[in-house]
Amino acid sequence: MEDMQAVIVSATTIALGNVLSLIRGISQVGGALRVVGFVVTGLLIRGINAYSDFLILASSIVGVITAYYTYSYSLLKYRGKSLAPLVDVFLFSMIMVFRSNYFFELVTFWLLTELVAFFLIAYDYIVYEEPEALSASMKYLLFSMIPTDLALFTSLALAGFENAFLVPLQDLKVFLDDPVVTTILILGFFAKAAIIPLHFWLPDAHSVAPSPASSLLSGVMVKMGTYALYYFLLQPINTAVATTLIIFFGSLTSVYGALQASIQEDVKRLLAYSTTSETGVIALLLCLYASTGDQLFLEASIVYTVAHMFYKSYMFMDAGFIEITTRTRSLSKLGFLRFVSPLQAVSAVMAIVAYLGMPPSTGFLAKLFVFSSLAKYVDVSLYLVLLLVVTLKVTLSVIYNARYVRAYFGLWPREDFYVGEVWELKLVKVTCLAGSLSLYLGLVAVAYPGAPGLPEFTLLGSLGSRLLMPLLVVPLVSYVLVYLLVRKG
Amino acid sequence: MNPALVVLSYLLSSSLLALLGMLDKKARILDKLAILTSVLDAIFSYKVFVDAVGGGSVVYAVGGFSPPLGITYYVDFTNGLLSVTSSTGLILAVLLSLMIADRDTRKYFYVLAFLLVAGVQAFLYSGDFFHVYVAAELTAVSSYAITALYSGRKLAVRAAIIYGIAGTAVTSFLFLSVMIIYAAYGSVNIADVAMKSIDPTATTRFSGRAFGDILTPSKIALSLTTWAFLFKSGIVPNHFWLPRVYRATTLPGIILFVSSADVIGVYGLLRLYYVMFPEGSVMGAFRNFMLSLVLVASVVSAFYASTLVAIQRKLRDIVAYSTIAQLSLALLGFTAGSPWSITGGLMHLLVNMYGDSSVIIGYVVYKAASKTALKMLAGAVMILGFLNLFGLIPIVPGFWSKAMMVFGFLERGNLLATITVLVSTGLCAAGYFSFLIHTLTRSESKPLNVNAGITYPVILLALVATLLLSLGLVFVIARTSLDLLVQHARASTNAETYINKVLGFMGIG
């Protein structure tokens with residue numbers, strides 16, 4: 001527990017920040033403290049393996065970016081301040097899950113996260129009595145929370161209570177050979193990661209929750225499911241059952257999710273379906289890592305996860321912006337947003353382009369790793385099929401991302417859109433810009449060797465330091481160029 | 001500490017309160033006496049529990065008549081713990097009734113409550129089957145009366161009649177089985193019957209050998225008693241009386257039921273299947289078949305009740321169906337047979353009691369309080385109660401009882417039970433959380449009748465929260481306590497131990 005002090009410091013700072021945010025006059029100080037708190041978690045808190053290290057780092061970055069966003073969104077949409085503390089507890093709890101050294105710790109924070117998520121999804125019901133929010137949160141409770149708890153409790157019982165407290169996670173051996181137990185476990189974590197057949201709660205839940213909450217739900221919480229899959233795939237599990245389930249349902253979900261996303265009208269539902277598609281891919285990669293032992297697959301899943309975390313949390317922030325400024329989420333009514341805010345339009349298009357694979361962004365790295373790792377084994381027919389599946393998914397993702405971007409670069413302007421310049425909205429735009437930039441700069445720490453405690457990536461190996469310049473310069477130049485273009489047009 | 005003294009003290013307290021109720025016009029002395037006696041009697045039961053745990057068991061032959069001639073009281077970890085829960089529940093109920101009931105209701109409530117707990121304690125301690133029946137009847141009659149406390153309301157009278165008639169019919173099955181056992185075995189002492197059901201040729205002083213064929217009578221007695229005990233705890237299909245009763249009675253009455261009266265059925269089934277007619281008994285296959293039927297009943301009951309919990313919006317309804325669900329899960333733990341699941345089931349009875357009490361007390365104070373601080377405290381206690389019933393956060397004892405049960409189930413490879421526990425938890429959670437959201441966010445509150453000012457609410461809230469959290473934290477901090485509990489539970493459900501302790505008590509058997 002060497003980083004216990006870091007945990008306490010960050011927790012106190014975030015809590016204090018939330019308290020100060022409630023006091024008129026020094027609320028900005030409160031926001032700053034919250035940012036500092038998440039910076040501390042990112043710098044000082046370490047996980048138990050490479051995957052958890054990166055999850056903590058990326059979650060902290062997301063926390064930093066969304067800190068002011070949540071506060072402003074809460075004021076703009078709800079005219080209240082209760083959203084930010086809830087979201088902070090949520091994110092902090094997830095970081096603690098990734099940091100967990102002992103099974104018991106993992107279970108505690110996992111359950112806490114799920115509880116807070118329930119109330120976040122039901123938030124609109126609590127505040128506005130929206131019946132949709134209640135039914136979405138019930139679906140979440142019954143089809144995501146319960147199966148996951150079933151999986152966790154089963155594995156906790158099989159691990160033994162003493163071991164759960166005393167044996168560190170890296171050394172723990174849980175015997176899960178029984179095919180039924182394996183199925184319960186895998187399906188349970190599918191429910192968390194929203195993979196078919198327990199995926200259908202996600203579109204409702206993530207579209208109904210407040211946008212900062214959706215950012216974290218889609219950006220971070222589903223990764224808890226993939227993290228659990230990663231951990232348990234390395235335990236003595238029934239590999240035949242596990243790999244069959246993951247490969248079959250993972251591929252199915254990645255294509256199905258992308259197809260569904262391509263036909264959605266509601267921007268948040270579009271993003272939600274896209275999330276299910278991505279977690280399908282991540283699960284596939286982790287499964288391949290577990291069966292081949294090739295480090296490349298692990299790295300691919302790490303980079304893909306991180307890229308998706310930045311992408312999805314940004315996109316939901318953007319959806320929140322759309323919600324606040326136009327009071328609609330329907331794509332058929334949007335298309336004029338570049339006139340509402342050119343800056344936001346730049347953030348959006350640059351983020352999407354980054355995610356689709358423009359070098360030298362995180363999204364580019366993610367695609368590079370995924371395709372390299374699959375192509376390495378392409379002479380084995382299974383990998384060829386998976387390569388085709390991922391290619392199909394990526395193609396479809398171009399479609400739904402293009403549909404999304406049409407909200408900005410679509411029809412002629414309407415007369416009656418809201419172009420207020422309240423400072424909260426300015427904060428929203430600034431934080432969105434930061435979110436968009438994270439897709440380029442987010443992996444600077446990784447690409448630059450010598451970043452403390454983080455492993456080197458095999459593919460990047462020698463490229464390391466030479467990436468730094470392009471990583472910093474190219475985005476900045478492109479942003480400026482695109483901004484000028486948008487303003488002119 | 002003599003267990004009979006516990007029972008006697010509750011009986012005496014009840015009589016004293018009845019007398020004083022007739023004399024005391026203002027009820028101030030009555031209230032103070034009620035609190036005093038409930039605490040004093042509770043201390044007696046705690047002492048008995050401590051003695052039982054320390055020494056392995058406490059055996060007392062009433063009047064000095066050695067078993068199987070006389071009645072024996074046998075206290076070990078299991079019934080000692082339940083006895084403690086029951087006495088504590090009475091304290092909470094008395095304090096709550098002080099807060100919300102008017103003088104006339106309180107007067108009757110105290111008398112009946114103490115009688116009920118006397119009956120429950122006797123049931124728990126009794127080593128004599130006939131005495132079990134007597135205690136059950138005492139408990140039952142007091143319950144019927146408590147149900148009818150608001151005698152001016154149609155709802156209460158109807159509920160009491162339904163409960164009364166069904167209860168009497170069912171308890172008479174219990175009486176019938178006592179008679180059948182006596183006729184077949186020649187004794188109603190549980191240890192004696194247990195010994196003879198394993199070895200029909202065994203003889204004991206005073207009762208000699210079993211009279212004749214004990215196979216068929218045992219089967220009949222087992223079936224009838226099972227049915228009766230299922231009714232007493234409100235397990236589907238014998239649950240129909242419970243929601244009605246909970247809707248009709250006073251809130252302190254509900255706390256009383258949850259901590260004592262409704263628990264004895266499940267406890268009775270535990271002793272019935274593991275001590276009186278244990279694994280090695282002469283009707284082995286039939287006993288196993290009945291046990292599996294009880295398991296099926298508890299699974300169905302858990303699912304049925306939790307589905308209903310998910311849609312409840314009123315306090316009494318949610319507490320009622322939640323109780324049925326939790327008691328079914330506890331019973332599931334008992335029937336699955338592993339010592340871990342039995343311990344988990346036992347803990348779960350406590351969890352249910354503390355959870356329901358927290359919810360009720362929190363709700364009452366929340367609705368009645370005008371000061372924000374008190375409201376917040378009450379809300380927090382209510383949330384804590386629901387979290388406990390939901391049971392998946394490790395600082396509340398509800399987590400531990402479920403974890404132990406799941407551990408026990410998986411030890412025996414029983415996946416159905418595991419799934420039942422966790423799915424019904426989820427369904428209940430849906431109900432608990434929507435109820436919480438409804439209660440805490442809808443600001444309209446018809447304030448409930450609250451007699452005392454701020455002292456009683458705060459004391460009650462603090463008490464129930466402390467009890468809950470300390471139980472949970474004990475498990476977190478002292479994990480060896482789990483193994484210790486399992487050892488005790490193993491001893492409780494070992495027929496050999498029971499027989500030796502009771503019959504060996506006076507050098508016979």
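Letters go in sequence order (proteins before strands), and every chain restarts at 1.
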Open item on the list: Within the structure provided, determine whether B:Met405 and A:Phe153 are in side-chain contact (heavy-atom separation under 4.5 Å).
Closed with: no
Open item on the list: Which atoms of B:Leu482 are under 4.5 Å from chain A, going by heavy atoms: the side chain, the backbone, both sets, or neither?
Closed with: side chain
- [ ] Please look at B:Phe409 and chain A and tell me whether the side chain, the backbone, both or neither of the residue comes under 4.5 angstrom of a heavy atom of that chain.
- [x] neither
TODO: Counting only heavy atoms closer than 4.5 Å, note whether A:Leu111 contacts chain B via side chain, backbone, both or neither.
DONE: both
- [ ] Could you pull out the closest heavy-atom pair between A:Gly160 and B:Phe407, with the gap in Å?
- [x] CA-CE1, 4.2 Å
TODO: Provide the closest heavy-atom pair for A:Ile146 versus B:Val423 in the form atom of the first, atom of the second, distance.
DONE: CG2-CA, 4.0 Å
Open item on the list: Using every non-hydrogen atom in the two residues, find where A:Leu141 and B:Gly426 come nearest and quote the distance to one decimal.
Closed with: CD2-O, 3.1 Å
Task: Close side-chain approach of A:Phe161 to B:Phe475, heavy-atom, < 4.5 Å - done: no
- [ ] Pick whichever of A:Phe104, A:Phe165, A:Phe119, A:Tyr125 has the most heavy-atom pairs under 4.5 Å with chain B.
- [x] A:Phe165
TODO: Go through the atoms of A:Thr154 and report whether side chain, backbone, both or neither lie under 4.5 Å from a heavy atom of chain B.
DONE: both
Task: Interface moiety of A:Glu114 toward chain B, non-hydrogen atoms closer than 4.5 Å - done: neither
Open item on the list: Taking CD in A:Glu132 as the centre, count heavy atoms belonging to other residues, nucleotides or ligands within less than 6.0 Å. Is the count above 12?
Closed with: no
Open item on the list: Within the structure provided, determine whether B:Ile437 and A:Phe118 are in side-chain contact (heavy-atom separation under 4.5 Å).
Closed with: yes
- [ ] Return the option, out of A:Leu134, A:Val181, A:Asp149, with the maximum number of heavy-atom pairs under 4.5 Å with chain B.
- [x] A:Asp149
Open item on the list: Less than 4.5 Å to any heavy atom of chain B: does that hold for the side chain of A:Ile126, its backbone, both, or neither?
Closed with: both
Task: Minimum heavy-atom distance B:Ala430-A:Met138, with the two atoms named - done: O-CE, 3.3 Å
TODO: For the residue pair A:Ile184 and B:Leu415, establish whether any side-chain heavy-atom pair is separated by less than 4.5 Å.
DONE: yes
Task: Among the listed options B:Ile395, B:Ile393, B:Leu422, the residue most often paired with chain A at heavy-atom distances under 4.5 Å - done: B:Leu422
Open item on the list: Please classify the contact between A:Val107 and chain B as side chain, backbone, both or neither, with a heavy-atom cut-off of under 4.5 Å.
Closed with: side chain
Open item on the list: Looking only at heavy atoms and a cut-off of under 4.5 Å, which of B:Val406, B:Leu436, B:Thr425, B:Val421 has the most pairs with chain A?
Closed with: B:Val406
Task: Portion of B:Ile419 that has a non-hydrogen atom of chain A nearer than 4.5 angstrom - done: both
Task: Side chain proximity check, A:Leu115 to B:Phe433, heavy atoms < 4.5 angstrom - done: yes
